[in-house]
There are 2 protein chains.
Amino acid sequence: MSVPTERRRGPRRALTEDEILDAALGLLDEGGQDAASVRGIAARVGVAPNAVYTYFPDKAAVVRALVERLLGEVDHDVFTDRGRPWRERVEALALELRSRLSAHPGAVGLVVGGPMDGPHALALNEHLLHLLADAGLGPTEAARASYLLIVYVFGSIALEVADVHEAGPLPPETERVAARDRAFAATPADAFPRSSAAAPTMARFISTDQYLWGLRRVLDGIAARVG
Amino acid sequence: MSVPTERRRGPRRALTEDEILDAALGLLDEGGQDAASVRGIAARVGVAPNAVYTYFPDKAAVVRALVERLLGEVDHDVFTDRGRPWRERVEALALELRSRLSAHPGAVGLVVGGPMDGPHALALNEHLLHLLADAGLGPTEAARASYLLIVYVFGSIALEVADVHEAGPLPPETERVAARDRAFAATPADAFPRSSAAAPTMARFISTDQYLWGLRRVLDGIAARVG
DNA sequence: ACCTTACCTGTACACCGTACAGAGTATGTA
DNA sequence: TACATACTCTGTACGGTGTACAGGTAAGGT
């Protein structure tokens with residue numbers, strides 16, 4: 001009888017890179033931005049800290065791999081359907097990215113803070129470029145528009161998550177929206193929020209409504225260049 | 001003869017908070033994102049590491065104060081002139097912020113990564129809200145538009161700086177643009193950049209031209225809501 | 001039965017933020 | 001003038017971080 005699970009070449013490989021990434025993401029989800037230490041990861045998979053370095057050359061490589069995995073999780077089908085109008089496809093992409101990333105707030109900083117030059121990131125960029133070419137944009141304007149959209153999507157997610165150092169997931173959207181409304185709403189119905197007290201932060205805790213509103217303004221601006 | 005420099009109450013105050021912030025910013029400029037350690041700051045002002053804690057409760061407070069100082073350096077006059085068209089004023093604000101922040105790439109991550117809830121940040125937000133009210137937007141749309149603009153300005157700067165972990169200032173814009181063009185330019189003149197090799201990162205090293213292009217698309221989208 | 005290869009551990013180093021106790025000095029008050 | 005007070009700054013120390021180095025151990029292939 002042979003060994004049921006296939007081994008690679010050397011001795012048994014007790015760990016896998018995926019286990020390590022699972023542990024890192026788990027720590028990030030539970031403890032926020034800085035919770036994924038090498039020692040913590042190793043402890044979570046039940047191994048000495050150095051064992052991690054068998055699979056990744058350094059911590060940055062772990063982070064890169066994790067970012068790639070997160071970006072690889074986005075469902076490309078929803079926006080590669082060339083039968084749908086291009087604006088709908090962009091909105092689908094934007095919503096998909098937002099929901100994927102805000103599921104792991106602690107990891108958002110790592111995604112945005114890195115070079116985003118892995119295969120999945122590039123594939124995403126390429127799909128977006130094709131999409132904008134479908135819309136009728138020339139190569140230069142497509143590149144610029146894709147940059148603009150990337151900035152909006154990642155920028156808004158990054159800003160939203162920026163001041164949530166605490167552990168755990170974001171508060172539910174209903175509560176976030178309520179907080180934002182409390183912050184921005186002027187006291188008289190038609191008044192303009194003039195005091196700092198009325199707008200306590202520059203940009204935080206936005207709703208999906210507001211996210212889509214901004215995205216649509218961007219799309220309006222881009223659409224005007226199509227003709 | 002009396003002491004020329006005025007003292008507060010206690011013994012001589014050899015350090016000032018500004019000296020500490022100068023040191024922190026200097027380290028950030030020379031060493032990038034993570035170069036501003038408490039120990040490094042203290043060494044640079046010639047003092048034991050703990051002395052810093054006389055002026056700031058913890059490192060986060062140092063960072064907050066530094067962010068506030070950077071945001072306080074933006075020249076408000078260029079965009080509070082209500083005589084100029086509102087789009088011009090937004091562009092002036094966007095360019096001012098970009099030039100101020102990209103002068104200190106190592107500090108950008110700290111600005112964007114924090115809550116941005118200091119007095120200067122709030123004042124900036126308020127000015128932007130007023131500006132958009134001048135443009136004719138109602139309170140809700142002004143808040144949403146200001147959020148959109150903030151996301152664009154800070155998001156693009158953050159993404160641009162994200163993969164420059166190395167020390168020193170950004171390369172000069174001419175070189176950055178050349179790198180970007182090399183990256184995005186399709187090999188045949190009219191071809192569309194399809195390969196990942198042709199677009200090696202999602203969004204990096206953009207020119208002022210491209211920055212303004214994106215900003216103007218955003219402004220187009222906002223302007224369409226004014227009527 | 002070797003030898004090679006790859007996994008994993010123990011130990012160690014330099015650095016980080018920062019808490020605690022105390023030394024030193026300039027000031028306000030008697 | 002003398003003292004008490006208030007404040008700045010230092011020495012030391014603790015627990016945390018990333019990771020380099022040397023070895024031990026177990027599973028192949030031959």
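Just so it is clear: chains get the letters A, B, ... in the order the sequence lines come, proteins before strands, and each one is counted from 1.
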How close or far is atom [atom2] of [N] from atom [atom1] of [X], stated in whole angstroms?
{"X": "B:Ile41", "N": "C:dC15", "atom1": "CD1", "atom2": "P", "result": "16 Å"}
{"X": "B:Ile20", "N": "D:dT8", "atom1": "CD1", "atom2": "C1'", "result": "11 Å"}
{"X": "A:Asp34", "N": "C:dC16", "atom1": "CG", "atom2": "P", "result": "16 Å"}
{"X": "B:Phe56", "N": "D:dC9", "atom1": "CZ", "atom2": "C1'", "result": "16 Å"}

Side-chain heavy atoms of B:Leu25 within contact of B:Leu21, under 4.5 Å: no
Comparing A:Gly46 and A:Arg39 on DNA chain C - which has the more 5′ nearest nucleotide: A:Gly46
Would you indicate which nucleotide in [options] comes nearest to any side-chain atom of [X]?
{"X": "B:Tyr55", "options": "D:dC9, C:dT9, C:dT18", "value": "D:dC9"}
{"X": "B:Asn50", "options": "C:dC20, D:dC9, C:dC8", "value": "C:dC20"}
{"X": "A:Thr54", "options": "C:dC16, C:dC7, D:dT19", "value": "C:dC7"}
{"X": "A:Lys59", "options": "D:dC9, C:dG17, D:dT19", "value": "D:dT19"}
{"X": "B:Leu15", "options": "D:dG18, D:dC9, C:dC8", "value": "D:dC9"}
{"X": "A:Val47", "options": "D:dG18, D:dT19, C:dC8", "value": "C:dC8"}
{"X": "B:Tyr53", "options": "C:dC8, C:dT18, D:dT10", "value": "C:dT18"}

Residue pair A:Ile41 / A:Ala36: nearest heavy atoms and the distance that separates them: CD1-O, 4.2 Å
Using the ring of each side chain (for Trp, its six-membered ring), is B:His76 parallel, tilted or perpendicular to B:His127, with breaks at 30° and 60°? perpendicular
For residues 64-73 of chain B, which residue pairs qualify under side-chain hydrogen bond (donor to acceptor under 3.5 Å, both in side chains), counting only residues two or more places apart or in two chains? B:Asp18-B:Arg69, B:Asp22-B:Arg69, B:Glu68-B:His120
